[in-house]
Protein chains: 2
Amino acid sequence: MKDMQENANIVANFLKGLANPHRLLILCELATGEKNVSELIDATSMAQTSMSQHLSKLKEENIVVFRREHRTLFYSIDNDAVLKIMDVLYHEFCEKGDDK
Amino acid sequence: MKDMQENANIVANFLKGLANPHRLLILCELATGEKNVSELIDATSMAQTSMSQHLSKLKEENIVVFRREHRTLFYSIDNDAVLKIMDVLYHEFCEKGDDK
DNA sequence: TCTTCAATTTACTATATTATGATATGATAA
DNA sequence: TTATCATATCATAATATAGTAAATTGAAGA
């Protein structure tokens with residue numbers, strides 16, 4: 001096992017990839033299945049450039065992958081840890097205690 | 001349930017609280033049980049000021065709590081989601097595939 | 001080839017985060 | 001009260017992140 005310090009850097013970068021409201025919304029969309037960029041823009045009302053940059057960050061951290069079909073790029077979540085963490089976050093923040 | 005946008009902001013802030021190598025190391029220490037600030041400084045070799053700021057951030061996001069005993073403050077993790085996420089992260093990043 | 005569509009990259013600015021040094025607080029002992 | 005220990009806060013500078021506009025790439029149809 002790598003030493004803690006080194007792991008801490010890797011894990012922190014991974015978490016930074018998730019720690020943005022726009023990227024979380026993107027991941028919520030992708031959690032229900034593969035989507036192309038236009039669909040993601042429609043679903044989140046984000047600017048196209050901004051979407052592209054956030055997708056780029058998600059790719060960089062190996063959180064999502066994409067495949068090209070003609071001119072269209074389809075993105076999907078390719079990370080088991082991400083799905084597990086989203087599950088924890090959903091139960092913690094979206095299901096309970098929403099009435100404060 | 002709150003709308004996604006609002007939840008996304010809250011969750012992103014929570015994740016930002018975790019997304020720093022120093023804070024992850026602090027949480028690794030606290031995962032084994034309550035520790036005071038001096039112990040955390042010794043264990044992580046961080047500067048005192050830096051430690052204090054990171055603990056402050058962790059408190060702000062309700063990730064840790066503390067209790068005072070005389071002059072000494074004891075910190076501990078007070079968040080079930082944090083422990084679950086750390087567990088996922090540990091399995092993903094610290095146990096497997098460490099030999100790349 | 002020329003044009004257009006889908007998406008990315010680049011450049012720039014605004015804002016947020018982090019590290020560091022100096023100072024302050026709160027609790028206790030002398 | 002004064003000194004000291006444990007810790008927090010403040011100020012500042014360096015760095016990272018995010019948003020926006022303009023330019024670029026890659027694929028496909030006219």
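Protein chains get the first letters and strands the later ones, always in sequence-line order, with residue 1 at the start of each.
- Of all non-hydrogen atoms in Ala31(A) and Met86(A), the two that sit nearest each other are CB-CE, 4.1 Å.
- Within the structure, every side-chain polar atom (N or O) of Asn36(A) is placed at least 4.0 Å from both OP1 and OP2 of dA6(C).
- With salt bridges taken as basic N to acidic carboxylate O contacts below 4.0 Å, none links Lys84(B) and Glu92(A).
- Of all heavy-atom pairs between Ala8(A) and Leu24(B), the closest is O-CD1, 3.5 Å.
- Across all non-hydrogen atoms, the minimal contact from Gly17(B) to Leu58(B) is O-CD2, 3.6 Å.
- The phosphate of dT18(C) (OP1 or OP2) has a side-chain N or O of Asn20(B) nearer than 4.0 angstrom.
- Residues of residues 22-29 of chain B having a heavy atom closer than 4.0 Å to DNA chain D: none are found.
- Contact of the Tyr75(A) side chain with the Leu30(A) side chain is registered, since non-hydrogen atoms from C-beta on lie closer than 4.5 Å.
- Residues Phe14(A) and Asn9(A) are not in side-chain contact: their nearest non-hydrogen atoms beyond the backbone lie 4.5 Å or more apart.
- Not less than 6.0 angstrom separates the ring centroid of Phe66(B) from the ring centroid of Phe74(B).
- Using a 4.0 Å cutoff on non-hydrogen atoms, the parts of residues 44-75 of chain B near DNA chain D are Gln48(B), Thr49(B), Ser52(B), Gln53(B), Lys59(B), Arg71(B), Thr72(B), Leu73(B), Tyr75(B), ordered by number.
- dT15(D) atom P lies 14 Å from atom NZ of Lys16(A), rounded to whole Å.
- One interatomic measurement links the two molecules: CG of Asn9(B) to P of dA18(D), which rounds to 13 Å at whole-angstrom precision.
- Judged purely by distance below 3.5 Å, without hydrogens or angles, the side chains of Ser38(A) and Lys35(A) never pair a donor atom with an acceptor atom.
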